[in-house]
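Residues take their numbers from the sequence shown, with the count starting at 1. Note that the coordinates shown come from a computational prediction; the quantities given were computed from them, not determined experimentally.
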Amino acid sequence: SKAQGCVLNNMSLPQCRVILVEPRDARNIGMAARACANFGVSDLIVVHAEKFRAAMARAARSPEKAQQLGLSDGSRDACSQCALDVSAWKGCERLATSEGAEVLRSAKLSVGLQAALADVDRAVAFSGREGSNFRHTTVKLNELAKNVVRL
């Protein structure tokens with residue numbers, strides 16, 4: 001089913017997908033998984049082309065790794081997502097704590113943002129990074145909240 005947007009219901013955001021784009025540190029993934037769990041969000045995708053290529057290479061060498069990543073023999077070539085291999089992100093499990101462990105187990109690794117957004121109707125982006133390509137406010141946070149509630 002399509003991710004339609006976020007609807008706040010009993011501190012749960014079941015229709016939301018959290019996408020981390022090229023996180024610099026495994027700790028970001030662990031903390032995001034814990035935050036997702038705290039708000040009832042189960043759909044976490046990490047976009048990282050380099051880690052994705054490495055995962056595909058490991059899957060090609062090992063049928064066990066391919067199975068762990070949720071890949072069948074025929075799906076590897078056309079694949080744009082697989083299960084997140086937490087062994088490639090040292091420390092993310094510790095920071096996810098027990099609350100985020102299930103989110104982390106079901107998390108996906110994606111080759112690119114376009115694949116991660118493939119079935120999403122609306123997207124909202126946040127960045128802590130600064131520079132000419134970042135931190136351009138297109139809508140104030142209180143206006144965003146009103147728009148999300150209307151969804």
Side-chain angles (χ1 to χ4, degrees), residues 1-131 133-135 141 144-145 147-148 151:
S1 70
K2 288 189 169 202
Q4 302 266 329
C6 300
V7 178
L8 188 60
N9 183 7
N10 296 330
M11 291 307 289
S12 176
L13 301 173
Q15 295 177 336
C16 282
R17 172 178 299 157
V18 172
I19 301 171
L20 300 177
V21 179
E22 295 194 15
R24 295 179 180 171
D25 193 318
R27 294 178 293 187
N28 294 336
I29 298 169
M31 289 186 282
R34 185 174 65 206
C36 285
N38 288 339
F39 287 95
V41 175
S42 60
D43 196 358
L44 174 63
I45 298 178
V46 177
V47 174
H48 203 291
E50 182 181 326
K51 295 266 189 186
F52 183 82
R53 283 191 295 275
M56 292 298 104
R58 287 191 306 276
R61 292 189 304 268
S62 166
E64 293 82 19
K65 181 56 78 173
Q67 184 178 13
Q68 179 190 5
L69 296 175
L71 302 171
S72 63
D73 290 336
S75 70
R76 265 183 251 154
D77 295 332
C79 183
S80 62
Q81 287 186 5
C82 66
L84 182 69
D85 183 3
V86 294
S87 69
W89 300 91
K90 302 292 185 218
C92 69
E93 290 175 295
R94 181 178 52 81
L95 285 164
T97 67
S98 60
E99 290 88 356
E102 185 60 36
V103 173
L104 207 53
R105 278 191 289 278
S106 65
K108 302 283 185 227
L109 177 63
S110 181
V111 69
L113 183 58
Q114 187 172 3
L117 290 171
D119 62 347
V120 172
D121 292 330
R122 291 180 182 88
V124 177
F126 297 94
S127 177
R129 297 179 187 174
E130 298 184 62
N133 294 325
F134 301 101
R135 300 251 175 156
L141 201 51
L144 171 65
N147 289 333
V148 168
L151 298 174

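Taking each heavy atom of Val41 and Cys16 in turn, the nearest pair found is CG1-O, 3.5 Å. Closest heavy-atom contact between Leu20 and Asn28: CD1-O, 4.0 Å. Closest approach of Leu104 to Ala96, counting heavy atoms only: CD2-CB, 3.8 Å. Residues Ala55 and Cys82 approach most closely at CB-SG, 4.3 Å, considering heavy atoms.
Evaluation of the side-chain hydrogen bond (donor to acceptor under 3.5 Å, both in side chains) test over residues 106-118, restricted to residues two or more places apart or in two chains, returns none.
Residue Gln67 qualifies as open at atom CD: its count of foreign heavy atoms under 6.0 Å is 12 or below. No more than 12 heavy-atom neighbours from other residues, nucleotides or ligands sit within 6.0 angstrom of CZ on Arg27.
Judged by distance alone, with hydrogens and angles left aside, the side-chain atoms of Arg34 form a donor-acceptor pair with the main-chain N or O of Leu95 at under 3.5 Å. In this structure, the side chain of Lys51 engages the main chain of Ala88 through a donor-acceptor pair within 3.5 Å.
In this structure, Ile45 and Leu117 have side chains that are not in contact, with every pair of non-hydrogen atoms separated by 4.5 Å or more. Counting only heavy atoms from C-beta outward, the side chains of Leu84 and Ile29 approach each other to under 4.5 Å. Within the 4.5 Å cutoff, the side chain of Trp89 has heavy atoms near those of the Pro23 side chain.
Summarising the geometry, atom NZ belonging to Lys90 is positioned 9.0 Å from atom CD belonging to Glu93; distances are rounded to the nearest 0.5 Å. The structure places CG of Asp25 at 7.0 Å from CE of Met31, a figure rounded to the nearest 0.5 Å. Atoms CZ and CG, from Arg58 and Asp85 in turn, are 4.5 Å apart once rounded to the nearest 0.5 Å.
By the side-chain hydrogen bond (donor to acceptor under 3.5 Å, both in side chains) test, Arg53 pairs with no residue at all, sequence neighbours left out. Taking the side-chain hydrogen bond (donor to acceptor under 3.5 Å, both in side chains) definition, one finds that Glu64 meets it with Ser62, sequence neighbours left out.
Under 4.0 Å is where a charged nitrogen must lie from a carboxylate oxygen, and between Asp119 and Arg17 at least one such pair does.
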